[in-house]
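Within every chain, numbering begins at 1; the chains are lettered A, B, ... in the order of the sequence lines, protein sequences first and strands thereafter. Predicted model, so just to flag it, every value in this text is computed and none were measured.
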2 protein chains.
Amino acid sequence: MASQTEENYLKSLFNLANEAGEVNISELAQQMQVSMPTVNSMVKTLQKNGWLIYEKYKPVTLTSEGKKEAALVIRKHRLTEMFLVKKMGFGWEEVHEIAEQIEHIHSPKFFERMDEMMGHPTVDPHGSPIPDKMGRVQEVSYFTLSKCKTGQIVNLAALTNSSTEFLEFLNSRDLRLGIELQVISIEPYDQSMVVSFEGHPSETLSEKVCDRLLVRLVG
Amino acid sequence: MASQTEENYLKSLFNLANEAGEVNISELAQQMQVSMPTVNSMVKTLQKNGWLIYEKYKPVTLTSEGKKEAALVIRKHRLTEMFLVKKMGFGWEEVHEIAEQIEHIHSPKFFERMDEMMGHPTVDPHGSPIPDKMGRVQEVSYFTLSKCKTGQIVNLAALTNSSTEFLEFLNSRDLRLGIELQVISIEPYDQSMVVSFEGHPSETLSEKVCDRLLVRLVG
DNA sequence: CAATTTTGTTAGAAGATTCTAACAAATTAC
DNA sequence: GTAATTTGTTAGAATCTTCTAACAAAATTG
Ligand SMILES: [Mn+2]
Ligand SMILES: [Mn+2]
Ligand SMILES: [Mn+2]
Ligand SMILES: [Mn+2]
């Protein structure tokens, strides 16, 4: 069984994996906030456990067992976040820290029960998909608001970043998942957008913000 | 801040402390399921942290800081057990293992919210008192059913033992906290009792069981 | 009270996770 | 294509929690 530390590494590996599934030691070290030698020894441990493939001086790759293990931890994390919001009244900006800890609880029943109580949610409070019990992640095809053209109407579906600061910024503008956004105009100089949405006939969003909002076409 | 391991030792120390507040190394080793040398080194660590007083070859005693720290972990444990039963539909025999893990979550808000959602319960699902936010434990004066006389009517208030096996035994007889029990007769040979309670006009309970049921006089 | 048993201590080591310092390989820049 | 930079590795050590073996103190027993 994966230790708490190993679970955290697996999650980071899963999230950092690119199309080729490769992750560099330095990326992982930065993500995990530890030194490269620490990562070096941990990837050897994870390899011994059969969760990744490692060759000296090469980027590492999760095995299918590693991916499944990682996805199941992510499942626990996202179910917890959703439970905290839907059943315990927390704001979406408060739940990450707590879920970071509860994701390591060993009790299938506990997460089963959360899942049941919420009616088997498919996404977490930030719009990220919740892997199923087999560790399969449903593919979703959103695009960033910054890719939209003037006049388009879209649905805010997820975020590319869920930092507390960003979530608090969104709270301050009443930007919540599910709202319909219409692109009123785009400033050519800095790509900032003027958008309208329920109760906000005109709100300017910087490119930085638009890049972090994932939307889908209304319909 | 106490580590997970230290929190578990503090809890055991708190629960083992006798009237004099003293705990032997060997008791603690047995309770924690570790060797005596392990306890020996841990008590030195706990002493360095100011949580207990240790002198070579003497039993150890928690300081008031140690007692408070311990009581706050016990508070988290018992609030969690109650939450699992009242808000998540678990049976009283299923919650200890999960609470043993969740008690180590660092998030005052999380336990605050549990407490609020349940309307500030004062006891856990096994009738044990929940320490308050200051770590104060309310004194309760129950006595065991085995101390009762023929004819007495009492209220089942708590248990002296909450092992899964005992809880499952109680489930099998519909014995739940809050029920009213009347002592019909006591067998002089083995101290077993015949009792009656809602739906059960006559049920025989061994001395072992009667010793583990804490009751209070009806009224 | 002397012998035995129980309880507690020290010493030494192991595994897990982390670090820094030093060096080596790979990549990038000029 | 050498030089500089970045990336990755090894070695060696620290901290935490645990162990076993050996020994010492305290308590119990006859
Ligand atoms: Mn975590
Ligand atoms: Mn999330
Ligand atoms: Mn615990
Ligand atoms: Mn309990």
Side-chain angles (χ1 to χ4, degrees), chain A residues 1-14 16-18 20-62 66 69-70 73 100-101 103-106, chain B residues 1-14 16-18 20-62 66 69-70 73 100-101 103-106:
Chain A
M1 199 169 46
S3 71
Q4 210 156 301
T5 307
E6 288 167 338
E7 286 189 342
N8 286 334
Y9 276 91
L10 288 171
K11 245 182 359 147
S12 287
L13 281 159
F14 191 96
L16 288 173
N18 52 33
E22 297 189 336
V23 181
N24 298 321
I25 304 296
S26 61
E27 286 182 273
L28 187 49
Q30 176 154 45
Q31 176 81 20
M32 292 295 298
Q33 302 266 75
V34 297
S35 68
M36 284 203 293
T38 299
V39 170
N40 188 271
S41 71
M42 184 51 73
V43 296
K44 288 172 180 170
T45 303
L46 295 173
Q47 183 182 39
K48 280 203 196 78
N49 289 328
W51 290 318
L52 60 71
I53 289 155
Y54 164 68
E55 278 179 273
K56 259 196 186 184
Y57 298 108
K58 294 265 186 67
V60 299
T61 322
L62 284 176
E69 197 77 15
V73 180
E100 200 56 51
Q101 300 176 63
E103 69 191 2
H104 305 294
I105 301 293
H106 295 299
Chain B
M1 199 167 51
S3 71
Q4 211 156 300
T5 307
E6 287 167 340
E7 286 189 343
N8 285 332
Y9 277 90
L10 288 171
K11 246 183 356 148
S12 287
L13 281 159
F14 192 96
L16 289 173
N18 52 31
E22 297 188 337
V23 180
N24 298 322
I25 304 296
S26 63
E27 285 183 274
L28 187 49
Q30 175 153 46
Q31 175 81 22
M32 292 294 300
Q33 302 266 75
V34 297
S35 68
M36 283 204 293
T38 298
V39 170
N40 187 273
S41 69
M42 183 52 72
V43 296
K44 287 172 181 172
T45 303
L46 295 173
Q47 182 181 41
K48 281 201 195 80
N49 289 327
W51 290 319
L52 59 70
I53 289 156
Y54 165 68
E55 278 180 274
K56 258 195 186 186
Y57 299 108
K58 294 267 185 65
V60 299
T61 322
L62 284 176
E69 197 77 16
V73 180
E100 200 55 51
Q101 300 176 63
E103 70 190 0
H104 305 294
I105 300 293
H106 294 300

Tell me which residues in [range] put a heavy atom below 4.0 Å from DNA chain C, sorted by number, or none.
{"range": "residues 1-14 of chain A", "answer": "S3(A), T5(A), Y9(A)"}
{"range": "residues 22-35 of chain B", "answer": "N24(B), I25(B), S26(B)"}
{"range": "residues 45-53 of chain A", "answer": "none"}

Provide the closest heavy-atom pair for [X] versus [Y] in the form atom of the first, atom of the second, distance.
{"X": "L62(A)", "Y": "A70(A)", "value": "CD1-CB, 4.5 Å"}
{"X": "V34(A)", "Y": "Y9(A)", "value": "CG2-OH, 3.6 Å"}
{"X": "Y54(B)", "Y": "Q47(B)", "value": "O-NE2, 3.1 Å"}
{"X": "V43(A)", "Y": "L52(A)", "value": "O-CD1, 3.5 Å"}
{"X": "T61(A)", "Y": "A20(A)", "value": "CG2-O, 4.5 Å"}

Exercise for review: With sequence neighbours excluded, tell me which residues meet side chain to side chain donor-acceptor pair (under 3.5 Å) with T38(B).
Suggested key: S35(B)
Review point. Quick one: side chain to side chain donor-acceptor pair (under 3.5 Å) partners of E103(A), sequence neighbours excluded?
Key: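 Per chain and number, E103(A) pairs via side chain to side chain donor-acceptor pair (under 3.5 Å) with K11(A), H77(A).
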Which donor-acceptor pairs under 3.5 Å do the side chains of residues 23-30 of chain B make with protein atoms, sequence neighbours left out?
residue : atom : partner : partner atom : Å
E27(B)  : OE1  : N24(B)  : N            : 2.8

Practice item. Verify the contact: side-chain N or O of K44(A) to OP1 or OP2 of dT10(D), cut-off strictly under 4.0 Å; return yes or no. Key: yes
Point to revise | All side-chain contact (heavy atoms from CB on, under 4.5 Å) counterparts of T45(A), not counting sequence neighbours | key: E6(A), M42(A), N49(A)
Check your understanding: With sequence neighbours excluded, what pairs up with E7(A) under the side-chain contact (heavy atoms from CB on, under 4.5 Å) test?
Key ->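 Per chain and number, E7(A) pairs via side-chain contact (heavy atoms from CB on, under 4.5 Å) with A2(A), V73(A), K76(A), H104(A), H106(A).
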Check your understanding: With respect to the side chain of M42(A), which nucleotide from dC19(D), dT17(C), dG8(C) is positioned closest?
Key ->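 Comparing dC19(D), dT17(C), dG8(C) against the side chain of M42(A), the answer is dT17(C).
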Revision key, fill the gap. Considering only heavy side-chain atoms of P37(A), the closest of dT18(C), dA21(D), dA21(C) is dA21(C)
Exercise for review: State whether the side chain of Q31(B) and the backbone N or O of S12(B) hold a donor-acceptor pair below 3.5 Å, judged by distance alone.
Suggested key: no
[atom1]/[X] to [atom2]/[Y] distance, rounded to the nearest 0.5 angstrom?
{"X": "L46(B)", "Y": "I53(B)", "atom1": "CG", "atom2": "CD1", "answer": "12.5 Å"}
{"X": "L13(A)", "Y": "N8(A)", "atom1": "CG", "atom2": "CG", "answer": "11.0 Å"}
{"X": "I105(A)", "Y": "Q4(A)", "atom1": "CD1", "atom2": "CD", "answer": "8.0 Å"}

Study note, to complete from the structure: Within residues 55-62 of chain A, those residues having any heavy atom closer than 4.0 Å to DNA chain D are K56(A), Y57(A)
Point to revise | Length of the line joining M36(A):CE and dA21(C):C1', which is rounded to integer Å | key: 13 Å
Point to revise | Value in whole Å for how far the P atom of dA11(C) lies from CG of N40(B) | key: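 Checked: the CG to P distance equals 11 Å.
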Point to revise | salt bridge (Lys or Arg N to Asp or Glu O under 4.0 Å) contacts in which one or both residues fall within residues 38-61 of chain A, not counting sequence neighbours | key: E55(A)-K58(A)
Under 3.5 Å, which N/O atoms of the protein pair with N/O atoms of nucleotides 2-4 of chain D?
none

